[in-house]
Amino acid sequence: MVATAGTTEREGWSSRTAFILAAVGAAVGLGNVWRFPTLAGENGGGAFVLFYVGCVFLLGLPLVISEIFIGRTGQNDAVGSIRKVAEKSGAAKSWSAFGLLGVAGAFLIVSFYSVVAGWVLYYVGVMGADFVGALTAGEPLRGALVGESQEAIQGRMGDLFANPALLLAMHLAFMGVTLFIVARGIGSGIEKAATILMPMFFVLLIGIAIYGAFVGNMGEAVAFLFTPDWSKLTPQVMNTALGQALFSLSLGVAGLITYGSYIKGSAGLGPTSVTIAFADTGVALISGLMIFPIVFAVGLDPAAGPTLVFQTLPFAFQTMPGGALIGFLFFVLILVAAVTSSISLLEVPTAWGIGELGWSRRKSSLTFGTGAFLIGIACLLGYNVWSDVRLLGFWPLFAETDILDTVDGFTGKVMLPLGALFTAVFVGWKADRNLVEEMTGLSGFWLGIWRFLIAWLCPLAVGAILVTGLFPGILGG
């Protein structure tokens, strides 16, 4: 359907609802279901959560509108869309270079994202086999992993990391699913996946949250998440919340630019963007209300860190009624979120290959999917046979990080903030105001507020994320 750069009609979403489902799916991923509860637990709960919500709407939402505006106006891949907005605004075409930064960032992120999603796939298998065992034994409502010690349950993660063949198989399976969906195109692939997977995701999310409310300690979870202890809101915590707001909305990697380029209708972008921001934030908060009641009910540590989902919760499900079923559904939920995000990440370089290089969709998706898969192999080997490899060992910030954490850290600390910073400056200072008003549907008071946020607050805040991420010693406790 799209064969050469800018010469044929591009694919598009069938409706506004389809775009919203796909865009929410792009934003909602491991960052919401795994990373947000982890950071909330590590950073003291309430104060972090409330500051994060403020960051989403004061910083994230203006950037969401900006990215969708660029794509909707440009009707091309990220680089081509930025170039077209620059041309219409009388700005230098060289601004399109930051689109290439987003393309590279999305490509690198999907490479290690697939490895982490492979861990989720492994736990879907573990919990699924356990639930089948419970059914076979005539005990469908028993706890999960009955008979295993806490040490054995928590040791599964280490055993997985020590098994490169199993890690590779999970990585291959997940990347294969992602590549299959993207290669089918917008209507038959990405949109169809979003319209099936996102309703499934929300049903599972709300269902497990209700389960947690009944069998867990909801009162303590609510107090932990929404009662602020402002003494814990240190500069470092605020910086973490700012970064999570960008990460959870998938900003800075041109995903929403690319998805926005497939919008064919004329509806204003403001309400659509608000819907995306609300849905993304709601998922993060409900994820906390899903996880922490269970954690508190069994007396586990909410500040367990990255092991919270993969080591702490499987043990918690052991003691919960129906834990075998809920544990299985919980990891299916995370897997669905991972799939919808990964396809948006792979679509960014795929669209660039189609728009800028004139490749067919099949060739572009296969080329970038294979490349990301190969980088992912290096990332997973960093947990075992290449555990002593330090890609950026000369850089003190990454001197002690393994391959996956180095790629993750570099994209998160450098590429995402840079992409978001260039987006804010470009739209806030270079994009033609009449063009912005026409394409976004914003006017009057709301247009003024948005322009202030994108031109002034966003560059300052994102610049702070970039500087403090690269030089963490700047911030005290």
Side-chain angles (χ1 to χ4, degrees), residues 1-14 19 22-23 25-26 67 70-87 93-114 171-172 174-194 250 252-264 339-378 411 415 419:
M1 193 168 180
V2 180
T4 58
T7 60
T8 59
E9 183 180 355
R10 303 177 78 243
E11 300 172 278
W13 308 111
S14 65
F19 166 66
E67 288 204 4
I70 292 172
R72 162 91 179 282
T73 304
Q75 295 288 292
N76 211 318
D77 65 279
V79 173
S81 290
I82 297 167
R83 185 188 302 120
K84 180 172 283 190
V85 173
E87 289 174 352
K93 294 181 181 180
S94 58
W95 276 100
S96 63
F98 82 82
L100 193 58
L101 178 68
V103 171
F107 173 69
L108 288 174
I109 290 172
V110 78
S111 69
F112 72 79
Y113 196 95
S114 177
H171 172 44
L172 175 62
F174 185 84
M175 185 62 79
V177 170
T178 301
L179 177 56
F180 174 78
I181 294 171
V182 172
R184 288 179 61 85
I186 299 304
S188 300
I190 297 174
E191 181 176 317
K192 182 173 287 187
S250 294
V253 291
L256 290 177
I257 295 178
T258 303
Y259 273 19
S261 73
Y262 299 122
I263 298 175
K264 301 301 182 184
V339 169
T340 57
S341 286
S342 68
I343 58 179
S344 73
L345 289 166
L346 184 57
E347 176 63 16
V348 173
T350 296
W352 179 78
I354 296 169
E356 300 298 309
L357 303 179
W359 290 351
S360 68
R361 171 167 287 275
R362 178 172 295 182
K363 177 181 178 180
S364 190
S365 59
L366 184 61
T367 298
F368 289 110
T370 301
F373 173 71
L374 294 176
I375 295 173
I377 292 177
T411 54
M415 302 184 81

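Between Trp13 and Phe19, the angle of the ring planes lies from 30° to 60°, which puts this pair in the tilted group. Relative orientation of the Tyr113 and Phe174 rings is tilted, given thresholds of 30° and 60° on the angle between their planes. Classified by interplanar angle (parallel below 30°, tilted 30° to 60°, perpendicular above 60°), the ring pair Trp95/Phe98 is perpendicular.
A donor atom on one side chain and an acceptor atom on the other are found under 3.5 Å apart for Glu191 and Ser14.
Under a 4.0 Å N-O distance rule, the pair Glu356/Arg83 qualifies as a salt bridge.
When atom types are taken as modelled, the side chain of Ser261 and the backbone of Gly71 share no donor-acceptor pair closer than 3.5 angstrom. Ser81 places a side-chain N or O within 3.5 Å of a backbone atom of Asn76 that can act as its donor or acceptor partner. In this structure, Thr370 contributes its side chain and Leu366 its backbone to a donor-acceptor pair below 3.5 Å. The backbone N or O of Ile263 lies less than 3.5 Å from a partner atom in the side chain of Gln75, making a donor-acceptor pair. Checking side-chain atoms of Thr350 against main-chain N and O of Leu346 turns up a donor-acceptor pair under 3.5 Å. With Ser365 contributing its side chain and Arg362 its backbone, the two residues share a donor-acceptor pair below 3.5 Å. At least one donor-acceptor pair closer than 3.5 Å links the side chain of Ser342 to the backbone N or O of Val339. Counting only distance, with no hydrogens or angles, the side chain of Ser364 and the backbone of Arg361 share no donor-acceptor pair below 3.5 Å.
Here the side chains of Ile354 and Asp77 are not in contact, with every heavy-atom distance at 4.5 Å or above. You'll find the side chain of Leu101 reaches within 4.5 Å of the side chain of Met415, heavy atoms only. Residues Ser250 and Leu256 form no side-chain contact, since every pair of their non-hydrogen atoms from C-beta on lies 4.5 Å or further apart. Residues Phe107 and Ser111 form no side-chain contact, since every pair of their non-hydrogen atoms from C-beta on lies 4.5 Å or further apart.
Here the closest heavy-atom approach between residue Val110 and residue Met175 is recorded as O-CE, 3.8 Å. Closest approach of Gly25 and Thr340 over heavy atoms only: O-OG1, 2.9 Å. Here the closest non-hydrogen pair linking Ser341 and Ala26 is OG-O, 3.2 Å. Nearest heavy-atom pair across Glu347 and Thr258 is CG-CG2, 3.9 Å. Taking each heavy atom of Val85 and Ile70 in turn, the nearest pair found is CG2-O, 3.9 Å. Across every non-hydrogen atom of Thr73 and Lys84, the tightest pair is O-CD, 3.7 Å.
One distance of note links NE2 of His171 with CG of Leu374; it measures 7.5 Å at 0.5 Å rounding. Residue Ile109 holds its CD1 atom at 12.0 Å from CD1 of Ile375, rounded to the nearest 0.5 Å. Summarising the geometry, atom CZ belonging to Arg72 is positioned 10.5 Å from atom NZ belonging to Lys264; distances are rounded to the nearest 0.5 Å.
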Steps toward side chain to side chain contact (heavy atoms under 4.5 Å, CB included) verdict (Phe112, Thr411): CA-CA 11 Å; Phe112 72 79; Thr411 54; 3.8 Å; yes
Check the pair Trp352, Leu100 against side chain to side chain contact (heavy atoms under 4.5 Å, CB included), reporting the backbone distance first and the verdict last. CA-CA 8 Å; Trp352 179 78; Leu100 193 58; 3.7 Å; yes
Could you walk me through whether Tyr259 and Ile190 pass the side chain to side chain contact (heavy atoms under 4.5 Å, CB included) check? CA-CA 10 Å; Tyr259 273 19; Ile190 297 174; 3.3 Å; yes
Between Phe368 and Phe373, does the side chain to side chain contact (heavy atoms under 4.5 Å, CB included) criterion hold? Intermediate values first, please. CA-CA 8 Å; Phe368 289 110; Phe373 173 71; over 6 Å; no
